[in-house]
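Below is one structure, written out as structure tokens, with a few remarks after it.
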Amino acid sequence: MTCSSVQVQPYLLEALEEKFTLHKLDTTTEPDKAARFLRTHRDSIRAVVGTAFVGADAELIDQLPNLEIVSSYSVGVDKIDLAKCKEKGIRVTNCPDVSTDDVADLALGLMLAVSRRLCPIDRYVRSGLWSKLDFFSKQFSGKTVGIIGPGNIGMAIAKRAEAFGCPISYFSRSQKPACINYNYCPTVVDLAANCDILVVACALTPDTRHIINRDVIDALGPEGVLVNIGRGPHVDEAELVSALLEGRLGGAGLDVFQDEPNVPEELFKLDNVVLMPHVGSATVEARKAMADLVVGNLEAHFLNKPLLTPVV
């Protein structure tokens with residue numbers, strides 16, 4: 001049994017190597033090496049393990065005639081061509097739920113870090129500037145938090161924000177019965193205009209690409225804060241950068257970017273922006289649980305048992 005993996009993480013690598021013959025391919029930084037390997041071993045690869053960064057696009061799928069399953073070491077499946085998988089009868093699994101609390105925790109951390117200016121204040125203290133600067137920041141408690149995508153992660157974020165006395169508003173394609181105590185906004189612009197902090201927590205689809213555009217940013221305004229723990233392409237990054245540089249947006253907490261691992265250099269000098277390297281699920285506990293789920297799905301498939309978390 002052969003499993004092809006891209007950009008594997010340590011816990012995942014260890015779990016996979018215990019069960020499968022593993023080929024580690026980085027199709028982003030080693031494209032030539034990966035292409036040579038695929039030409040040689042294309043017929044033996046029956047499974048692909050992807051991550052939040054690299055999955056299985058149509059080109060890769062077409063190169064693997066015996067591919068049976070793509071197991072994603074991520075909640076999101078935007079790096080997998082689901083239509084192609086359906087067409088070819090290839091199964092797809094992901095890792096939902098196990099990282100919900102960790103991603104929600106990070107979202108709250110970003111809200112607090114931006115509002116209370118934790119990162120620049122830390123730098124000032126380390127630089128010996130304590131006595132030379134005033135460290136005023138914005139209160140977080142009681143601020144209205146708007147959530148795009150009240151799924152498992154969105155609801156976990158709302159629950160945490162409520163503990164700080166924050167009123168919750170949300171946007172989704174329709175009103176959610178589970179959100180009866182929250183304010184529903186029919187458009188993202190309406191949500192942005194009626195909250196202090198806007199959190200992106202929805203799945204990346206063609207409909208949600210650049211869901212944060214200039215109109216939304218301007219509605220959020222010069223006192224507003226944007227937090228993105230979803231996917232980079234949710235945000236029109238050029239518009240975000242210009243709004244921050246021009247003072248049309250109050251601040252941002254970003255765990256994801258449009259062209260990872262590349263981050264717009266203009267953001268590096270801004271004290272009202274907190275930057276994370278896509279680490280929402282990067283806790284020991286979550287990554288171990290995700291690795292177990294990937295392996296469990298692969299074992300279930302090859303033993304002809306029901307998949308644990310089927311997507312396709």
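Reckoned from all heavy atoms, side chains included, excluding hydrogens, waters and symmetry mates.
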- Message: So Ile157 and Leu108, do their side chains get closer than 4.5 Å, heavy atoms only?
- Response: yes
- Side-chain ion pair, Asp101 and Arg160, N-O less than 4.0 Å: yes
- Counting distance only, does the side-chain N/O of Asn297 pair as donor-acceptor with the main-chain N or O of Leu308 below 3.5 Å? yes
- Are Ile197 and Ile147 connected in a single hydrophobic cluster, I mean Ile/Leu/Val/Met/Phe/Trp/Tyr linked by side-chain heavy atoms less than 4.5 Å apart? yes
- Evaluate the criterion side chain to side chain contact (heavy atoms under 4.5 Å, CB included) for residue pair Ile45 and Asn66; output intermediate values, then yes/no. CA-CA 6 Å; Ile45 296 175; Asn66 296 312; over 6 Å; no
- Message: With a 3.5 Å distance limit and no angle check, can you tell me whether Thr187 reaches the backbone of Asp190 through a side-chain donor-acceptor pair?
- Response: yes
- Query: Hey, does Leu267 have a side-chain heavy atom less than 4.5 Å from the side chain of Leu254?
  - Reply: yes
- Message: I'd like to know if the side chain of Thr51 and the backbone of Val54 have a donor-acceptor N/O pair within less than 3.5 Å.
- Response: yes
- Find the distance between CD (Glu68) and CZ (Arg46) and round it off to the nearest 0.5 Å. 4.0 Å
- side chain to side chain contact (heavy atoms under 4.5 Å, CB included) evaluation trace for Ser131 with Leu129: CA-CA 6 Å; Ser131 62; Leu129 299 175; over 6 Å; no
- Message: Between Thr208 and Ala203 (side chain of the first, backbone of the second, donor and acceptor by atom type, cut-off under 3.5 Å), is there such a pair?
- Response: yes
- Please round to the nearest 0.5 Å and tell me the distance separating atom CG of Leu270 and atom SG of Cys119. 13.0 Å
- Query: What is the distance from atom CG of Leu13 to atom OH of Tyr73, rounded to the nearest 0.5 Å?
  - Reply: 10.0 Å
- Query: Centres of the His278 and Phe53 rings: under 6.0 Å?
  - Reply: yes
- Message: Is it true that Thr93 and Ser71 share a donor-acceptor pair across their side chains at a distance under 3.5 Å?
- Response: yes
- Message: Tell me if a side-chain donor or acceptor on Glu260 pairs with a main-chain N or O of Phe257 at a distance below 3.5 Å.
- Response: yes
- Compare every heavy atom of Ala286 with every heavy atom of Ser281, then report the nearest pair and how far apart it is. O-CB, 3.4 Å
- Message: Restricting to non-hydrogen atoms, name the atom on Met111 and the atom on Ser115 that form the minimum distance, rounded to 0.1 Å.
- Response: O-OG, 2.8 Å
- Query: Would you say the side-chain atoms of Ser72 and Asn94 include a donor-acceptor pair closer than 3.5 Å?
  - Reply: no
- Message: If I compare all heavy atoms of Cys195 with all of Gly146, which pair ends up nearest, and what's the gap?
- Response: CB-N, 3.7 Å
- Any sub-3.5 Å donor-acceptor pair from Asp255's side-chain atoms to Val279's backbone N or O? yes
- Can you name the closest pair of heavy atoms from Ala192 and Val216 and give their distance? CB-O, 3.5 Å
- Any chance you could lay out the side chain to side chain contact (heavy atoms under 4.5 Å, CB included) test for Ile217 and Ser242, step after step, and finish with the verdict? CA-CA 10 Å; Ile217 292 170; Ser242 65; over 6 Å; no
- Task: Show your working on salt bridge (Lys or Arg N to Asp or Glu O under 4.0 Å) between Arg214 and Asp236 and close with a plain yes or no.
- Result: CA-CA 8 Å; Arg214 187 182 183 96; Asp236 186 328; over 6 Å; no
- Query: Side chains of Asn194 and Thr144: donor-acceptor distance under 3.5 Å anywhere?
  - Reply: no
- Salt bridge between Asp57 and Lys79, side-chain N to carboxylate O under 4.0 Å? no
- Task: Check the pair Ile69 / Val92 against side chain to side chain contact (heavy atoms under 4.5 Å, CB included), numbers first and verdict last.
- Result: CA-CA 6 Å; Ile69 183 170; Val92 177; over 6 Å; no
- Query: Can any side-chain N or O of Lys143 pair as donor or acceptor with the backbone N or O of Gln139 at less than 3.5 Å?
  - Reply: yes
- Before accepting this row, confirm whether a basic side-chain N of the pair Lys138/Glu223 lies closer than 4.0 Å to the acidic partner's carboxylate O. yes
- Item | Asp292/Lys288 ion pair, N-O < 4.0 Å | no
- When clusters are formed by joining ILVMFWY residues with side-chain heavy atoms under 4.5 Å apart, either directly or through shared neighbours, do Leu118 and Val273 land in the same one? no
- Message: I'd like to check the salt bridge (Lys or Arg N to Asp or Glu O under 4.0 Å) partners of Lys84; sequence neighbours left out, ordered by chain and number.
- Response: Asp62
- Query: Would you call Val294 and Cys95 a side-chain contact if the rule is heavy atoms closer than 4.5 Å?
  - Reply: yes
- Transitively linked via ILVMFWY side-chain contacts under 4.5 Å: Val225 with Ile168? yes
- Could you tell me which non-hydrogen atom of Val75 sits nearest to which non-hydrogen atom of Pro96, and how far apart they are? CG2-CA, 4.2 Å
- Query: Distance-only, no hydrogens or angles: does the Glu237 side chain make a donor-acceptor pair with backbone N or O of Gln258 under 3.5 Å?
  - Reply: yes
- Straight-line distance of Asp81 CG to Lys86 NZ, nearest 0.5 Å: 10.5 Å
- Query: Do Asp97 and Asn152 have side-chain atoms, one donor and one acceptor, less than 3.5 Å apart?
  - Reply: yes
- Task: Using a 4.5 Å cut-off on heavy atoms from C-beta on, say whether the side chain of Ile212 contacts that of Ile148.
- Result: yes
- Task: Check whether any side-chain heavy atom of Ile229 sits under 4.5 Å from a side-chain heavy atom of Val256, and report yes or no.
- Result: no
- Would Val199 end up clustered with Phe140 when hydrophobic side chains under 4.5 Å apart are linked, directly or stepwise? yes
- Query: Hey, does Thr40 have a side-chain heavy atom less than 4.5 Å from the side chain of Leu38?
  - Reply: no
- Query: If you draw a 6.0 Å radius around CG in Leu303, do more than 12 non-hydrogen atoms from other residues or ligands fall strictly inside?
  - Reply: yes
- Taking the side chain as C-beta and beyond, is there a heavy-atom pair between Lys269 and Leu245 under 4.5 Å? yes
- Note on the structure: Nearest heavy-atom approach of Gly247 to Pro222 is O-CB, 3.4 Å
- Gap separating the OG1 atom of Thr205 from the CZ atom of Arg209, nearest 0.5 angstrom: 11.0 Å
- Mind running salt bridge (Lys or Arg N to Asp or Glu O under 4.0 Å) on Lys19 and Glu299 for me, showing each step along the way? CA-CA 8 Å; Lys19 303 285 185 179; Glu299 287 185 313; 3.3 Å; yes
- Message: By the ring-ring contact (aromatic ring centres under 6.0 Å, His included) test, which pairs, at least two apart or in different chains, include something from residues 172-192?
- Response: Tyr170-Tyr184
- Backbone N/O of Leu298 and side chain of His301: donor-acceptor pair under 3.5 Å: no
- Can Ser137 and Arg116 be counted as having a side-chain donor-acceptor contact under 3.5 angstrom? yes
- Query: Just wondering, do Leu191 and Leu198 contact through their side chains at under 4.5 Å, heavy atoms?
  - Reply: yes
- Task: Measure the spacing between CG of Asp271 and CZ of Arg117 and express it to the nearest 0.5 Å.
- Result: 6.0 Å
- Message: Is it the case that over 12 heavy atoms from other parts of the model lie below 6.0 angstrom from the CZ atom of Phe136?
- Response: no
- Message: Would you say that more than 12 heavy atoms from the other residues, nucleotides or ligands in this model lie under 6.0 Å from the CD of Glu246, or not?
- Response: yes
- Is the side chain of Asp215 donor-acceptor paired with the backbone N or O of Asp218 at a distance under 3.5 Å, no angle test? no
- Task: Treating Ile, Leu, Val, Met, Phe, Trp and Tyr as nodes and any side-chain heavy-atom pair under 4.5 angstrom as an edge, say whether Phe171 and Val200 lie in one connected cluster.
- Result: yes
